[in-house]
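Just the heavy atoms: all of them, side chains too, but no hydrogens, waters or symmetry mates, feed the values below.
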Amino acid sequence: MTNDRPRYWLMKSEPNAFSFDDLLAAKGKRTCWDGIRNYQARNFMRDDMRKGDRVLYYHSNAKPPGVVGLAEVVKEAYPDHTQFDPASHYHDPQSDPADPRWLMVDIKALRKLPRLVELDELKSRPELSEMAVVQRGQRLSIQPVTPEEWAVVLELGGLTAKI
DNA sequence: GCCAACGTTGGC
DNA sequence: GCCAACGTTGGC
């Protein structure tokens, strides 16, 4: 059977909130990806993200913004606990505990790229012109990536071996 | 810090 | 169901 769901992703994080180095320093080099409050991003996690999928870890609101490392999905979508925590910035009083509105996945760091692939560099590559992250006004924090795009970004990042 | 682009909300 | 107002994202 064909199965054309995406297997590669780009996930944005602001490095002053949670950087790739923070992920590397985390216990087991893994973390839960809480705080996603966008339906399209949630649906990607719920419907398409599977264990073993690979992730480009992108630093947004950074100087410069760009892809800094690689990660993998280690736990598939499950309820994001922060939506029920009144003290959390991500609290959502409208979410029903019996039917949680917001989900998260767990990801684990694979490795840092030998060199940062800056947004400007992504934009300069014709092969990457369809990537969501280079589109003007694209704010989606979880985006599918094609195998071809994945390979190009890794090469730009200084990795020769296939990951 | 600015602001364009976008998603969400809520009045009607 | 339209759409103006609002809040957020994220590059610059």
Side-chain angles (χ1 to χ4, degrees), chain A residues 5-6 8-26 31-49 53-73 76-107 109-110 112-146 148-150 152-158:
Chain A
R5 72 169 182 83
Y8 299 97
W9 304 91
L10 179 144
M11 294 170 79
K12 296 180 185 175
S13 184
E14 302 196 13
N16 53 10
F18 196 82
S19 70
F20 192 72
D21 285 339
D22 291 332
L23 181 60
L24 286 170
T31 191
C32 59
W33 205 252
D34 60 1
I36 298 294
R37 296 294 181 269
N38 170 283
Y39 288 106
Q40 201 178 347
R42 180 206 64 183
N43 293 348
F44 276 137
M45 290 194 290
R46 183 189 63 194
D47 302 334
D48 294 322
M49 264 194 179
D53 282 2
R54 299 298 163 97
V55 175
L56 299 173
Y57 198 104
Y58 179 88
H59 278 173
S60 61
N61 260 324
K63 288 193 291 186
V67 178
V68 62
L70 307 179
E72 83 176 305
V73 176
E76 295 180 9
Y78 64 108
D80 178 343
H81 55 90
T82 63
Q83 70 197 301
F84 303 122
D85 177 2
S88 171
H89 176 64
Y90 300 117
H91 182 227
D92 181 355
Q94 298 188 70
S95 184
D96 176 2
D99 184 21
R101 177 180 292 182
W102 304 113
L103 305 173
M104 60 187 182
V105 297
D106 288 0
I107 67 167
L110 286 173
K112 201 167 182 171
L113 289 176
R115 52 179 297 277
L116 173 75
V117 183
E118 297 184 17
L119 176 60
D120 278 348
E121 213 171 343
L122 298 175
K123 286 179 172 172
S124 74
R125 285 298 185 136
E127 317 93 290
L128 304 180
S129 62
E130 301 298 312
M131 281 186 87
V133 73
V134 307
Q135 309 305 322
R136 175 178 174 81
Q138 178 54 262
R139 305 182 310 177
L140 196 58
S141 61
I142 297 180
Q143 310 173 353
V145 169
T146 68
E148 294 79 14
E149 291 163 348
W150 172 266
V152 172
V153 174
L154 262 57
E155 189 181 344
L156 292 173

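Using a 4.0 Å cut-off, no side-chain N or O of A:K12 falls inside it from OP1 or OP2 of C:dT9. The shortest distance between the side-chain N/O atoms of A:R139 and the OP1/OP2 oxygens of B:dC6 is not below 4.0 Å. Contact annotation: A:K123 side-chain N/O to C:dC12 OP1/OP2 distance is under 4.0 Å.
Within a 6.0 Å radius of CD in A:Q135, other residues, nucleotides and ligands contribute more than 12 heavy atoms.
At whole-Å resolution of the value, CH2 in A:W102 and P in B:dT8 are 7 Å apart. Between the CD atom of A:Q40 and the P atom of B:dG7 there is a distance of 7 Å, given to the nearest Å. Taking atom CZ on A:R101 and atom C1' on B:dG7, their separation rounds to 14 Å, with Å as the unit. Protein atom CG of A:N38 is 14 Å distant from nucleotide atom P of C:dT8, rounded to whole Å. For A:Y58 and C:dG11, the OH to P distance is 4 Å, given to the nearest whole Å. Residue A:Q143 contributes atom CD, which lies 12 Å from atom P of B:dG7 at whole-angstrom precision. For A:N16 and C:dG10, the CG to P distance is 12 Å, given to the nearest whole Å. Atom CG of A:D92 is separated from atom C1' of C:dG7 by 15 Å (rounded to the nearest Å).
At a threshold of 4.0 Å, the pair A:R37-A:D92 does not count as salt-bridged, since none of the basic side-chain nitrogens sits closer than that to a carboxylate oxygen. Using a cut-off of 4.0 Å between Lys/Arg side-chain N and Asp/Glu carboxylate O, A:D80 and A:R42 are scored as not salt-bridged.
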Inset, instruction - Show your working on salt bridge (Lys or Arg N to Asp or Glu O under 4.0 Å) between A:R115 and A:E121 and close with a plain yes or no. - result: CA-CA 12 Å; A:R115 52 179 297 277; A:E121 213 171 343; 3.3 Å; yes
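The residue among A:N61 and A:Q94 whose nearest nucleotide of DNA chain B is located toward the 5' end is A:N61.
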